[in-house]
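In what follows, a structure is listed as structure tokens, so that the remarks can point back to it.
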2 protein chains.
Amino acid sequence: MSQLTESINQMVALTSEEREIIEKAYKTVHIPKGAFWVEQGKRCKEVGFVVSGKLRFYYHDEDGNEITCYFITEGQFMSSFTSFLTNAPARENVVTIEDTELRVINQEELEALSVLVPKMHVFRRINAENLFISMEKRVNMLQSQSAFERYEKMLHESPDIILSVPLQYTASFLGITPQHLSRIRKELTK
Amino acid sequence: MSQLTESINQMVALTSEEREIIEKAYKTVHIPKGAFWVEQGKRCKEVGFVVSGKLRFYYHDEDGNEITCYFITEGQFMSSFTSFLTNAPARENVVTIEDTELRVINQEELEALSVLVPKMHVFRRINAENLFISMEKRVNMLQSQSAFERYEKMLHESPDIILSVPLQYTASFLGITPQHLSRIRKELTK
DNA sequence: ATGAATTCTTAACAATTGTTCAGGTGACGA
DNA sequence: TCGTCACCTGAACAATTGTTAAGAATTCAT
């Protein structure tokens, strides 16, 4: 079976029947590098699982600056969750930074699947909890650490992202300007 | 019935039998002003619902500064979630800033209750999703707004908290020093 | 390979935020 | 009532971060 149910299975043990039902419910989608999966202002009606590839979430603030909210890589469940959960227009754009393969499911299908496989409620809960935990870490970082410390931490925790995306994306993810990140890098190479 | 099941009922419609079961599962606890509910370093094994009162979550960073993570008020579900969910020692202290009444339930009881009332899984999922959404807003704020803007926003969204807690708590919640918040306030009164 | 476009670096200067320290206010118990 | 303590304000100075502008390096399409 696929990575998708493998990942779900790690959170809630599945029977092989359940795995099959789930496999059938999620569709496979290929998105070429640079294409949008979600567009700012439109409703996001799907959640997805990244089989391979990499995506970036970003929005434009009042001054027109691009703010990167997330980088999403292989093995992660993702969506423009706030839009998906509240049915509000998405605040952010989601674009691929590499050719990407997803497994996706829409709202109605997910609800139907959760009826067929009630464990999906538990999975969805655990997933939401994990999202919360990672956001809490991020708030702690932004709230109490300097830009230098935040970059060092990211360098340690996700060097792959830093190496594979333009510096400006990393900078806005950390809440600083590209110029300042460039300065921090220079400082670090000493 | 109580505020507790009223709140749960708003997220997942409950039958009166379910409400009764839930009411019995949650214990009532009174905590006087200034007392700890969770202590940094200990495991948090309960989740709670605030019937009345107000709490503050905070931890000490490497330099010994108190960092306020959350203010929790009436009608909110709360826990030291990362500790509760991962069984790790709590990073933060939770203290009451007013005399507080809680409805609490521990891990085993919650799991047992979720078996008796499977809808609890759905409720817990929705609750986790809501926590995620509020954290996402907070990350956006910290990532892309100035201290001045963050304070203005908080003044608009939770004036009650600003009015009822010492300035230094609000300051660390916003990620700034008390002196700087004092400066911002002065600026605002012009 | 070449030029255009994007991205990155650098530096000077400006704005924001932190640090230190001093004083002032108000609450509260002896 | 008095002193103590916690909290808030203020100002001078320092550190961090943003802004602007220019040039260097890299990427990309042709």
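Chain letters run A, B, ... following the sequence lines, proteins first, then strands; residues in each count from 1.
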Check the distance between [N]'s [atom2] and [X]'s [atom1] and give it to me in whole angstrom.
X: Glu149(B); N: dG18(D); atom1: CD; atom2: P; result: 13 Å
X: Ile176(B); N: dT16(C); atom1: CD1; atom2: C1'; result: 11 Å
X: Ile184(B); N: dT17(C); atom1: CD1; atom2: C1'; result: 9 Å
X: Tyr169(A); N: dT6(C); atom1: OH; atom2: P; result: 11 Å
X: Glu152(B); N: dT16(C); atom1: CD; atom2: C1'; result: 15 Å
X: His180(B); N: dT9(D); atom1: NE2; atom2: C1'; result: 15 Å
X: Ile162(A); N: dT7(C); atom1: CD1; atom2: C1'; result: 17 Å
X: Glu187(A); N: dT16(D); atom1: CD; atom2: P; result: 9 Å

Quiz item: Has the side chain of Gln179(A) got a donor or acceptor atom sitting under 3.5 Å from an opposite partner on the base of dT17(D)?
Solution: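 Looking at the base of dT17(D), it does not pair with any donor or acceptor on the side chain of Gln179(A) (distance under 3.5 Å).
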Quiz item: Is the distance between the ring centroids of Tyr58(A) and Phe71(A) under 6.0 Å?
Solution: no
Quiz item: Do Phe132(B) and Phe132(A) make the cut of ring centroids closer than 6.0 angstrom?
Solution: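 Ring centres of Phe132(A) and Phe132(B) not closer than 6.0 Å.
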Quiz item: For Thr177(A) and dG18(D), is the shortest distance between a side-chain N/O and OP1 or OP2 below 4.0 Å?
Solution: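 Yes.
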Practice problem: Kindly say if Lys186(A) contacts the phosphate of dA11(C), meaning a side-chain N or O under 4.0 Å from OP1 or OP2. | Solution: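 For Lys186(A), the contact criterion (side-chain N or O under 4.0 Å from OP1 or OP2 of dA11(C)) is met.
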Practice problem: For the side chain of Arg183(A), starting at C-beta, report the closest nucleotide among dA12(C), dT9(C), dT17(C). | Solution: dA12(C)
Quiz prompt | Out of dT7(C), dT9(D), dT10(C), whichever nucleotide has its closest atom nearest the side chain of Pro166(A) | solution =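 The closest nucleotide is dT7(C).
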Exercise. Report yes or no: is the cationic atom of Arg138(A) (NZ for Lys, CZ for Arg) closer than 6.0 Å to the six-membered ring centre of Phe173(A), at no more than 45° off its axis?
Key: yes
Quiz item: Arg185(A) or Ser146(B): which one's nearest nucleotide on DNA chain C is closer to the 5' end?
Solution: Arg185(A)
Exercise. Answer yes when Glu157(B) and Lys137(B) have at least one side-chain N-carboxylate O distance shorter than 4.0 Å, and no when they do not.
Key: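 Not counted as a salt bridge, because no side-chain N and carboxylate O are separated by less than 4.0 Å.
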Practice problem: For Ser83(B) and Cys44(B), work out which heavy atoms get closest and say how close. | Solution: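 It is OG-N, 2.9 Å.
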